[in-house]
Amino acid sequence: MTACASPMTSFGIDLRPGAATSELQSLAERSRAGDKQAQLALGIRLEHGDGVARDVPQAIKLYRRAATKTGGKSIIYAPASRTGGRGASVLLDQGPESPGLPEAARRLEQLKASGAAGRGNGG
């Protein structure tokens with residue numbers, strides 16, 4: 001009995017042993033784990049079809065993640081759970097702050113400006 005009918009993938013990269021180069025699989029796994037440098041590197045490879053099938057929508061997704069600030073502290077509002085109750089503001093610590101990568105933001109804007117973002121894989 002198989003646990004999953006489809007191969008294990010990350011950003012379109014097959015993670016099964018030997019299905020892709022170990023370097024590519026490492027980039028995909030690190031990207032999934034939130035490594036912004038890996039997200040940028042994998043996005044570039046997907047945008048240009050460097051060692052992988054060209055996939056502009058996946059590249060855009062990766063550039064967006066790499067360009068976005070993550071972590072740090074934020075305040076969220078939790079509304080009252082009953083009528084007449086009081087809501088509360090809660091400090092949420094999302095781990096160490098990691099700024100977005102300017103290069104990823106630049107590449108994302110270039111794709112949007114060129115119209116490649118709407119053309120799909122054939123770009």
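In this chain, residues are counted from 1 in sequence order.
The nearest pair of heavy atoms linking F11 to A28 is CD1-O, 4.3 Å. The shortest non-hydrogen separation linking R16 to Q25 is O-NE2, 2.7 Å. Here the closest heavy-atom approach between residue A104 and residue A66 is recorded as CB-CB, 3.6 Å. Taking every heavy atom of both residues into account, A19 and D14 meet most closely at CB-CG, 3.4 Å. When all heavy atoms of G43 and A59 are compared, the pair lying nearest together is O-CB, 3.4 Å.
In this structure, the side chain to side chain donor-acceptor pair (under 3.5 Å) partners of R107, at least two apart in sequence or on a different chain, are E103. In this structure, the side chain to side chain donor-acceptor pair (under 3.5 Å) partners of E47, at least two apart in sequence or on a different chain, are Y63.
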Step by step, would you call L27 with D35 a side-chain contact (heavy atoms from CB on, under 4.5 Å)? CA-CA 9 Å; L27 276 176; D35 180 329; over 6 Å; no
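For residues 80-100, the set of pairs meeting the salt bridge (charged side-chain N to carboxylate O under 4.0 Å, His left out) definition, not counting sequence neighbours, comprises K73-D93.
Inter-residue side-chain proximity for I13 and E29 is flagged as unmet; no heavy-atom pair is nearer than 4.5 Å. Taking the side chain as every heavy atom from C-beta outward, S26 and R30 approach each other to under 4.5 Å. Using a 4.5 Å heavy-atom threshold, the side chains of L15 and R32 count as touching. You'll find the side chain of V52 reaches within 4.5 Å of the side chain of L24, heavy atoms only. Side-chain contact between L46 and L62 is present, with heavy atoms from C-beta onward closer than 4.5 Å. With contacts defined as side-chain heavy-atom distances shorter than 4.5 Å, the pair L108/I60 qualifies. The shortest distance between side-chain heavy atoms of K69 and S98 does not fall below 4.5 Å.
Distance check, rounded to the nearest 0.5 Å: CZ of R65 to CG of L42 gives 11.0 Å. Note: I44 CD1 to Q39 CD = 12.0 Å, rounded to the nearest 0.5 Å.
Judged purely by atom type and a 3.5 angstrom limit, K61 has no side-chain atom pairing as donor or acceptor with the backbone of V56.
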